[in-house]
Asker: 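First, the structure itself, so that you have it in front of you.
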Amino acid sequence: MIFQQVVFYCFAATAIISALAILTTRNVLYAAFLLMITFLSIAAIYVFAAAEFIAIAQIMVYVGGILVLMVFGVMLTNRISGAAVTTGNHHRFWGLFIGISFFTLICTVIIKANFGQLPWIMSGRETYTAPVGTAINNIGIKLMTDFILPFEIAAIILLLALLGAAFVARKPQKN
Amino acid sequence: MTTFLFFLPFLLVYTVFAVYAERKVSAFIQDRLGPMEAGYYGIAQTVADLLKLLQKEDIVPAAADRKLFLAAPIVIFTVVFAGFAVLPLTSGYAGSTAEVGVFYLLAIISLDVIGILMAGWGSNSKYALFGALRAVAQIISYEIPLGLSILCVVMISQTLDLQEISFQQGIWIHDKPTYPGLLQENYLFGLKALGIETTHIGGILTWNIFRMPLFFIAFIIFFIASLAECNRAPFDLPEAESELIGGFHTEYSGFRWALIMLSEYGMMLLVSFLGAILFLGSWNTPLPNMGVVKLAEWTSGSPGSVAGHLWGGFWLISKALILVLVQMWIRWTYPRLRVDQLMALCWKYLIPASLILLLLSGVWRLLMI
């Protein structure tokens, strides 16, 4: 158990450190690659929460998809403008102030709520049984029964996005 | 632990021999002799090359982005090597038993792109950048037919666990405790209506490619897409040496270049293992039981026994290495595609074909119940 905790805190630390590094670096491309480390650490934390499927979906969608898109965007912009893409820090005082106060607010609320003592968590701890069947099985069945409508709507939106992208990217037709 | 205990040493030894084999195969196809000087028939040539590479200076170009440039080969290799984690090796010796199995494999392979982008961008050279952009566009496009053809298998097998998929393709189908709903017996071509049960016949008749005959086409799509994923000819535009010198690894030298080559060969091996597991019966023997001549049982021990380990490892590794050989054969036989041909092949032919196959797999699965 203690080994798992150590590993968990290592991943938590990499997630936080890389997130802070994203804020401090001025190179947008570095920020994008650091974001990969953040995403991967968060995926690892999902694995610790026994949510493997979410972890892999996170890697697939965010790192494999969105992040590559961002890096591509940065690279192509750089090629066109010829200047290095950097970011600046503005409104430091207000940014820090709002960020820190919001962080303190959330921390106090979480500590006040005392999750460990909530009745449903207490009862869950006593009656805990290992999940029956596989999570993936259950996710699949749920998606095809209870959550079929949001699932299908997401599919149609993605299809529309694909068609739209193909339409925008095609050569203009000559009349 | 399979990954570290077996696959890491295996990958290193395999790469040395694969590079040698590649040169000998190319020499054979082009009617040359190939390496002949170092050792008997040039067998020590790769070892000599490797020693040379390790001693070379690790050059970082002055204008390169140092951090990205240095980190990129490590990222690429780590990602490819991480893919090996879920591969089963024999009936009793599997990698990670994570139930996301092949989904994890696909996700982790897609990270390869990040490493290539780092290398291409960090080199700060137009050849490397163009190579990286081509490589990424190609890998992202071909992930779709690759994923869809894998999804066809997952649809028939109803599981993402590669070891589970392996067990379904042989005579030991009952030896793995499964959750209810999975197939417990195999029929010829998967059709229950035919009434010919092949559960105890095993061999090639229960391989996925036979359980669902259309998987022959799915396997070809998988194989083409996997060639593109490895940036191998005829899809080696990213490193097209006649136009781009060496693509995204143009600026690398010495050990880091060796690491990139190692990942390229590792990727070939990984997709070959995956193809063998998904379509070609994994560690199951190709020989069927025929009446009293129980070839399938003679050539595969029961799961967990020593014979089971030896036979299982033998069949799976042989199948994977044969697929690697086919990849080399194709590389030295076919000319390189143009970029527009590459994209047209993917988006206009492979993706529609794999979508239709996905639909047919669903229908076939209903016939299997």
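Keep in mind that what you see is a predicted model, and the values were worked out from it rather than measured. Throughout, protein chains are lettered first and strands after them, A, B, ... in sequence-line order, and every chain is numbered starting at 1.
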Asker: Would you mind checking which part of I109(B) comes under 4.5 Å of any heavy atom in chain A, side chain (CB onward), backbone (N, CA, C, O), both or neither?
Answerer: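 Neither part.
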
Asker: Based on non-hydrogen pairs under 4.5 Å, which of E52(A), Q58(A), M60(A) is most in contact with chain B?
Answerer: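 Maximum pair count with chain B is reached by E52(A).
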
Asker: Based on non-hydrogen pairs under 4.5 Å, which of L111(B), L117(B), V113(B) is most in contact with chain A?
Answerer: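 If we count pairs closer than 4.5 Å to chain A, L117(B) comes out on top.
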
Asker: Select one option (side chain, backbone, both, neither) describing which atoms of V63(A) are under 4.5 Å from chain B's heavy atoms.
Answerer: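 Contact with chain B: backbone and side chain both.
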
Asker: Once you measure the plane-to-plane angle for F81(B) and F77(B), does it fall in the parallel (<30°), tilted (30-60°) or perpendicular (>60°) bin?
Answerer: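 Aromatic pair F81(B)/F77(B) classed parallel.
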
Asker: Would you tell me whether S149(B) and S354(B) have side-chain atoms, one donor and one acceptor, within less than 3.5 Å of each other?
Answerer: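 Not at all, the side chains of S149(B) and S354(B) share no donor-acceptor pair under 3.5 Å.
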
Asker: For the residue pair Y46(A) and F53(A), is the inter-centroid distance of their aromatic rings smaller than 6.0 Å?
Answerer: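 When the ring centroids of Y46(A) and F53(A) are compared, they turn out to be at least 6.0 Å apart.
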
Asker: Between V71(A) and M118(B), is any pair of side-chain heavy atoms under 4.5 Å apart?
Answerer: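 Counting from C-beta outward, V71(A) and M118(B) never come under 4.5 Å.
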
